[in-house]
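One structure below.
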Amino acid sequence: MRNIVILISGSGSNMAAIVRAAEQGRWAHHLNAQVSAVLSNRAEAQGLAFAHDHGIANQVLDHKAFASREDFDAALMAEIDRHAPALVVLAGFMRILTPGFVAHYAGRLLNVHPSLLPAFPGLNTHQRAIDAGCRFAGATVHQVTAELDYGAILAQAVVPVLAGDTADTLAARVLTQEHIIYPLAVAEFLRGLL
Ligand code: GAR
């Protein structure tokens, strides 16, 4: 069985969408793959309860308990590698990863970013899209490389920016699309099609 490890920091709604897709699409049967663990760098991440309720191993690794980014990433890698993952999925994991971490999972590390990359890498993507007068915004699933929010694009979804949108209303519209494209992209990736 190919293991998927998902990293979260907050609500974990993308993680939940992937777990539901794995259950409903019977990934264990059809793709020989399962979500084997959910790891969070924040104890208060709401997604941990969802993982627990779905019988998935879950664990908190608080980055504030480590002296350096390198120390945290080394501990995180050790925790992830206990599951010998075929795929590591970043789902709202709000940490910049060290080059060593990214190199270790090269070719099996995916992320979802709430913009139409290469536009708006980094934070505050929705406000920046509104401020720029964009008529469209969206989300991107991509392979992770050492450069922030870069790497081969696997899937994108586009939504309109509507008059009166705030960062919050636009984020909510984009998030509904993330929940569609991320599970699809993970499944296609596992099929070897992406
Ligand atoms: C999502 O919108 C995701 O694209 C974004 O955080 C949100 C997490 O939501 N990720 C980033 O901004 C990464 N830089 P979730 O925890 O409900 O999946």
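Atoms within a ligand are numbered from 1 in the order they appear, just like the ligands themselves. Hydrogens, waters and symmetry mates are skipped; everything else that's a heavy atom, side chains included, is used.
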Aromatic plane relationship, F93 with F72 - under 30° parallel, 30 to 60° tilted, over 60° perpendicular: parallel
Is V144 reachable from M77 through a run of I, L, V, M, F, W or Y residues, each pair having side-chain heavy atoms under 4.5 Å apart? yes
Ligand 1: which residues have a non-hydrogen atom closer than 4.0 Å? S11, G12, S13, N14, G92, M94, V112, H113, P114, L175, E178
Run the salt-bridge test on D165 and R173 with the 4.0 Å N-O cut-off and return the result as yes or no. yes
Would you kindly confirm whether L39 and I56 end up in one hydrophobic cluster when ILVMFWY residues are joined by side chain heavy atoms under 4.5 Å apart? no
Does L87 belong to the same Ile/Leu/Val/Met/Phe/Trp/Tyr cluster as I80, with side-chain heavy atoms less than 4.5 Å apart forming each link? no
Does atom NE2 (H30) have a neighbourhood of more than 12 heavy atoms from anything else shown, all under 6.0 Å? yes
